[in-house]
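Numbers restart at 1 for each chain; the letters A, B, ... are given by sequence-line order, proteins then strands.
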Amino acid sequence: MLALLTDFGTQDSYVGMMKGVIASITPHGRVIDLSHDIPAGDVARAAFELWRSAPFFPKGTVFVAVVDPGVGTDRRAVALSILDQIFIGPDNGLFTYLTAKEEPTSIVEIKNDAYTLQTISNTFHGRDIFAPSAAHIMNGVEIEALGPPIDDLFRLPLPRLEVMDGLEVKGEILHADHFGNLISSIGTLFLEDDDILLEPWLPDCSPIHLSKKASTLHLPRGRPLTIHTTFGNVAQGGPVAYIGSAGLLEIAINQGRAVDLLPDLIGSEVILKSR
Amino acid sequence: MLALLTDFGTQDSYVGMMKGVIASITPHGRVIDLSHDIPAGDVARAAFELWRSAPFFPKGTVFVAVVDPGVGTDRRAVALSILDQIFIGPDNGLFTYLTAKEEPTSIVEIKNDAYTLQTISNTFHGRDIFAPSAAHIMNGVEIEALGPPIDDLFRLPLPRLEVMDGLEVKGEILHADHFGNLISSIGTLFLEDDDILLEPWLPDCSPIHLSKKASTLHLPRGRPLTIHTTFGNVAQGGPVAYIGSAGLLEIAINQGRAVDLLPDLIGSEVILKSR
Amino acid sequence: MLALLTDFGTQDSYVGMMKGVIASITPHGRVIDLSHDIPAGDVARAAFELWRSAPFFPKGTVFVAVVDPGVGTDRRAVALSILDQIFIGPDNGLFTYLTAKEEPTSIVEIKNDAYTLQTISNTFHGRDIFAPSAAHIMNGVEIEALGPPIDDLFRLPLPRLEVMDGLEVKGEILHADHFGNLISSIGTLFLEDDDILLEPWLPDCSPIHLSKKASTLHLPRGRPLTIHTTFGNVAQGGPVAYIGSAGLLEIAINQGRAVDLLPDLIGSEVILKSR
């Protein structure tokens, strides 16, 4: 199985061509779209979507991620094996979150033109290098065959996630989703009876328990928000903080769009406090 | 075969995660996208798309519909069998049109956590409950295994469709499609020689014949429109009423967008009159 | 394998219904989306995407292209065989670029209702004629079975591409892609060492070599652009001309959107000059 993530949009036939190349090499391989509407060049957003979705795919899935503003320059093309899955794409930070707490089993630089198209354009390595290399992996080629091993990856700066003296967690708003819900870096959070358990998804941060009832989320302005179970727990039009489906604290407006009311919040610090 | 309908959009990896879950359970199952761009929370629009598209899918298709503003509250999760197909989703009205004239063979409330993910979030039952339950159905599990039988479904109010004394049919404009064509509730209509045959898609309404030539569509303002065969039958930029591909009366502008000229028409009463 | 190209968008279930029809006829056939976001009624854009993507699909692929503003009028429905692939759609110019330099092996007018749905609407031949005919082709039916042979196709006017005295190539800007990159008709271009080789994709135009270093692209206004390898070769925010992934000369802004700065350029003449 192959999962595709790009910022190519769906008006041009760029994604279709990648699938044509894949089907030419592995006619029975199954391809699933993760997203093709990542904002153009937004490597951090793509890294986030890879991190949050990979655990829901079968072992052995080959992920091809192409958000690649540096295509044709000297940025490397890489393949890595981590958590029994394989990831292929440009080495520009796309794998930052996936590898934040876990080491890849192996990383190679893709150089073997036996597994790429014969003619390689300077601006569409998704079609000419990443798709065919991934299709050959689906056919049973080992990633080691794609090129020489390397031992480092380019990494983006990590979002803020800091536990302060056990009663405060500082994070930031990462982005808004399709529903306008604002997703923060505070997590991974789990509910256990009346407690919130933090098992940090980012390194250098210790697990803690907070009391759910005693916890509030503090934004740069406005009243602190209590933590609810779901957006339907507050009145229509009301703001609500809750643990979202990625285990991260989110802010929503019930049946509204939080990002439209609070657009400046993206990138801002938010603090989860327990009295 | 499984068909997916959501309001999740395609920027986030929500749909991709559902497909990852499905593929983990039924690796060879085929998944078809009905739409992921239903306006956020628009249950009626999703109910319409389910109704109009289901007849074009093979018997035994499993439809998963997730437009679910009440996720995590006490709204039920249901599965139903009707017309040799299976439908799975929240019990919030999504199946209103499908079941308007036809009784489901069976309905169950989904409660069996043997067929869901082990950890269930409060805001993404599409991934955690509906996708895995549907994938198990594709694997041969009977819907009765998903939970106890129930005998009612939540229903939305039906659109207006009224036959007045045999010569007038009152309906309303439901929504605009991608081309800006305005789709009314007046149907299902069939052409037979020079007659229009109405076989109502909604209950409490009798079949009638109208003369096509003598029929006109009356909007709240403006001249009545004669009924044409297709939008290409009028001059470019001209308004045209015709029987659309769902068998409903539609209003278009040839090579233009009716909804841009007549945005207030959505929700308005329209009347098909035969002299 | 079947590849689908439409202007149906993804909000309505139009594309889903086509796939339901295809799956009803050929349950194991694989369907790939080329694009469903072609601008409404933009036959030329669809013709371009067919031309550029077809070479990346396996031999025997069946392409179904439905951008069909004249649906229900007397425009013909056709199927053609060219370059070991099959193309199906309305005869309104969709195949203009594919057949600009190459003759189809055969063309038929689709008339055989044994391979369409039983009821044919006047406004959705994608679902009722093209999808089922294509699915039967995937099942092994020959295109000759779809209807009588014809020997001509409706053709759009071709974009400008003219070689002037061996040192100048005149073309025009065709459209902008998802990234805002402006794609010209000047190509197909290949790099050979320090030379640019033009092997025209349009007829009535001879191959030539130009020196890459000595070549510049002239727009209606502003300074000529030198030809670079990729957009990453210029500073962020800078304009750049380069040979895009279709082999056509393109104009981009590195990490920006050329079409937003130069919206008037679409349709304008551009000239590649070699000193």
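Note: C/F57 and C/F63 meet the aromatic proximity criterion, with ring centroids under 6.0 Å apart. Here B/Y97 and B/W201 bring their ring centres to under 6.0 angstrom of each other.
Using a 4.5 Å cut-off between heavy atoms, B/H36 touches chain C through its backbone atoms (N, CA, C, O) alone. Neither the backbone nor the side chain of C/I120 comes within contact range of chain B, judged by heavy atoms closer than 4.5 Å. Contacts of B/P39 with chain C are made by both backbone and side-chain atoms, with heavy-atom separations under 4.5 Å. Heavy-atom distances place the side chain of B/Y242, and not its backbone, under 4.5 Å from chain C. Neither the backbone nor the side chain of B/L5 comes within less than 4.5 Å of any heavy atom of chain C. There is no contact between B/R257 and chain C, counting heavy-atom distances below 4.5 Å. Interface residue C/Y14: only side-chain heavy atoms are found under 4.5 Å from chain B. Within the 4.5 angstrom heavy-atom criterion, only side-chain atoms of C/R127, from C-beta onward, approach chain B. Looking at B/I32, only its side chain comes within 4.5 Å of chain C, counting heavy atoms on both sides. Contacts between C/D33 and chain B at a heavy-atom distance below 4.5 Å are absent for every atom of the residue. Heavy atoms of C/S121 lying under 4.5 Å from chain B belong exclusively to its side chain.
Contact count versus chain C (heavy atoms, under 4.5 Å) is highest, among B/L50, B/T230, B/L191, for B/T230.
No hydrogens or angles considered: a donor-acceptor pair under 3.5 Å links the side chains of C/E144 and C/S106. No hydrogens or angles considered: nothing links the side chains of C/N122 and B/T229 as a donor-acceptor pair under 3.5 Å.
When all heavy atoms of B/N181 and B/A252 are compared, the pair lying nearest together is OD1-CB, 3.3 Å.
From B/L261, atom CG reaches atom CD1 of B/I251 across 11.5 Å, with rounding to the nearest 0.5 Å. Between the CD atom of B/E49 and the CG atom of B/D42 there is a distance of 9.5 Å, given to the nearest 0.5 Å.
Checked options B/V259, B/I183, B/L182; the residue passing with B/H175 is B/I183 (criterion: side-chain contact (heavy atoms from CB on, under 4.5 Å)).
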